[in-house]
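Working notes, structure below.
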Amino acid sequence: MRSLNAKVKRRVGKGSVFALLVVLAVFVLAGFYAAASGRLLPLRAAWPHASTATASTQSSRVEQAAECRVQDEQSKTEYWGDVVKPGAGTSKKPGLTAASAQECCLECKEALGCNLWVYCSDAQQCGQQCWLKRVGRLDAIEGVKRSGGPWTSGILPKDFDRDVAMLPAVDQSLSIVALRTNHGAIRIQLKPEWSETSAEYLRRLAATPELCTSACQFYRAEPGFLLQGSMRAFIPPNSVTKPGPKFMERGDFGWAGGSAGPDFFIYLGTQPATHFGHDHTVFGVVADEESLQVAEKIVALPAEAPHPGDMHMLLETESFKFEIPAAA
């Protein structure tokens, strides 16, 4: 009996091994067949998210790289335009750099509001600077093109101005808009009687907040004097200047540098700004004390001046979004 049991066990053991070898052989042959026919085995489904995401990311990057293929005629070319991200900076706030012109182009592709990129092709002269810039209209590009120098530049077909006629209608009775920051909201009492076109520009940005580019931000801080920023958007800025109705007072909003915008400032001095005269187009006032305190928080953020006597620029710009306050 023992001899019989032993024989049965040996046969069973041999049979199990043989069956296992057959299964493995079938699986291997199936794998060869799948590879030859270009099909994938169902085992890939064990990692669907990772493999799909990687393939999608790689495909997207390949498409972007193809769009950013640099041509010979782009060398020794520089485009001027509104700066989205500077290529030069300070030790505490360095500018944007890139390892190649193609990488600079990819930086522009991923940056909201960028449609021009300018790369330094000579590291000895300008240290691989990558400047991201923008123009509002495609037909304006030739007017901002400069030849010569160590620059390689390109254009991307995106983020040009939108047709105002195609945008939603604006509520002309809207009298208060707000800038929502990380430190709270700054509400602006519009003064159309001081500058109707400026008030219209802010109403439109509040009605369609996505018009703001990444340059809707505060960038300059002079405590006891002013807080300066930009309201650059995907529509043409206000284009009309008008002498201020009075000396600017604490909490007044005006376009910076005597321009028509979109750079602006909030005057934070304690005395009327007689030194400004009536040179600035003033279009609104801080609506309440709470909003004024938000402005004071932002103007107190860390800032530096590159050289003595220069403007103090925030080490980290403070972005904002337009909104219509609930009580407006």
Side-chain angles (χ1 to χ4, degrees), residues 83-86 89-94 112-113 174-191 194 198-199 201-203 205-206 209-233 244 247-257 259 261-273 275-276 280-328:
V83 175
V84 176
K85 287 186 180 180
T90 65
S91 58
K92 293 183 179 180
K93 190 178 181 180
L112 178 66
L174 186 62
S175 60
I176 297 179
V177 301
L179 310 180
R180 174 64 62 179
T181 77
N182 291 326
H183 300 271
I186 300 176
R187 287 172 286 276
I188 309 169
Q189 176 72 54
L190 299 177
K191 293 290 185 179
W194 295 351
S198 300
Y201 182 70
L202 269 70
R203 288 190 189 111
L205 295 186
E210 60 269 24
L211 288 174
C212 252
T213 70
S214 58
C216 280
Q217 60 185 6
F218 291 106
Y219 59 80
R220 179 188 175 195
E222 309 286 354
F225 180 34
L226 60 80
L227 176 63
Q228 187 167 327
S230 170
M231 295 179 181
R232 197 169 304 283
F247 294 130
M248 291 188 72
E249 298 178 352
R250 179 174 170 80
D252 284 353
F253 276 78
W255 297 121
S259 72
D263 286 41
F264 73 100
F265 68 98
I266 308 172
Y267 179 62
L268 296 175
T270 57
Q271 301 297 320
H275 50 291
F276 284 163
H280 295 84
T281 300
V282 186
F283 55 83
V285 300
V286 173
D288 49 62
E289 184 60 29
E290 182 181 355
S291 297
L292 196 57
Q293 291 308 308
V294 173
E296 289 289 0
K297 287 179 182 178
I298 297 172
V299 82
L301 294 174
E304 71 166 353
H307 305 95
D310 285 354
M311 296 183 293
H312 290 80
M313 314 304 284
L314 290 171
L315 296 183
E316 296 290 339
T317 57
E318 179 68 23
S319 298
F320 57 77
K321 295 182 178 180
F322 272 87
E323 63 182 25
I324 299 175

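- Around the CD atom of Gln293, the shell of radius 6.0 Å holds more than 12 heavy atoms that belong to other residues, nucleotides or ligands.
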Review point. Please walk me through it: do Tyr267 and His280 pass ring-ring contact (aromatic ring centres under 6.0 Å, His included)?
Key: CA-CA 11 Å; Tyr267 179 62; His280 295 84; 9.6 Å; no
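- None of Val286, Ile176, Leu202 except one satisfies the side-chain contact (heavy atoms from CB on, under 4.5 Å) rule with Ile188; the exception is Leu202.
- Atom OG1 in Thr317 sits 10.0 Å away from atom NZ in Lys85 (nearest 0.5 Å).
- Thr281 contributes no side-chain N or O that, together with a main-chain N or O of Trp255, makes up a donor-acceptor pair within less than 3.5 Å.
- Between the side chains of Tyr219 and Gln228, at least one donor N or O sits under 3.5 Å from an acceptor N or O.
- Between the side chain of Arg203 and the backbone N or O of Leu174 there is at least one donor-acceptor pair closer than 3.5 Å.
- Between Arg220 and Glu222 a salt bridge is recorded (basic side-chain N to carboxylate O distance below 4.0 Å).
- The shortest side-chain heavy-atom distance between Val282 and Phe253 does not fall under the 4.5 Å cut-off.
- Applying the 6.0 Å contact sphere to CD of Glu210 captures more than 12 heavy atoms from other residues, nucleotides or ligands.
- The line from OG of Ser230 to CZ of Phe320 is 7.0 Å long, rounded to the nearest 0.5 Å.
- Atom NZ of Lys321 sits in a sparse spot, with 12 or fewer heavy atoms from other residues, nucleotides or ligands closer than 6.0 Å.
- Between Val299 and Leu268 there is a side-chain heavy-atom pair separated by less than 4.5 Å.
- Checking side-chain atoms of Tyr201 against main-chain N and O of Met231 turns up a donor-acceptor pair under 3.5 Å.
- Nearest approach of Ser291 to Arg187, heavy atoms of both residues: OG-N, 3.0 Å.
- The aromatic rings of Phe225 and His275 are tilted relative to each other, their planes meeting at an angle between 30° and 60°.
- By the side chain to side chain contact (heavy atoms under 4.5 Å, CB included) test, Lys191 pairs with Gln189, Glu193, Trp194, Val285, sequence neighbours left out.
- For the side-chain contact (heavy atoms from CB on, under 4.5 Å) with Leu301, the lone residue among Leu314, Leu315, Leu227 that qualifies is Leu314.
- By the 4.5 Å heavy-atom criterion applied to side chains, His183 and Phe218 are not counted as neighbours.
- Residues Ser175 and Leu190 form no side-chain contact, since every pair of their non-hydrogen atoms from C-beta on lies 4.5 Å or further apart.
- A donor-acceptor contact shorter than 3.5 Å links the side chain of Glu318 to the backbone of Asn182.
- Here the side chain of Arg232 pairs no donor or acceptor atom with the backbone of Cys216 at under 3.5 angstrom.
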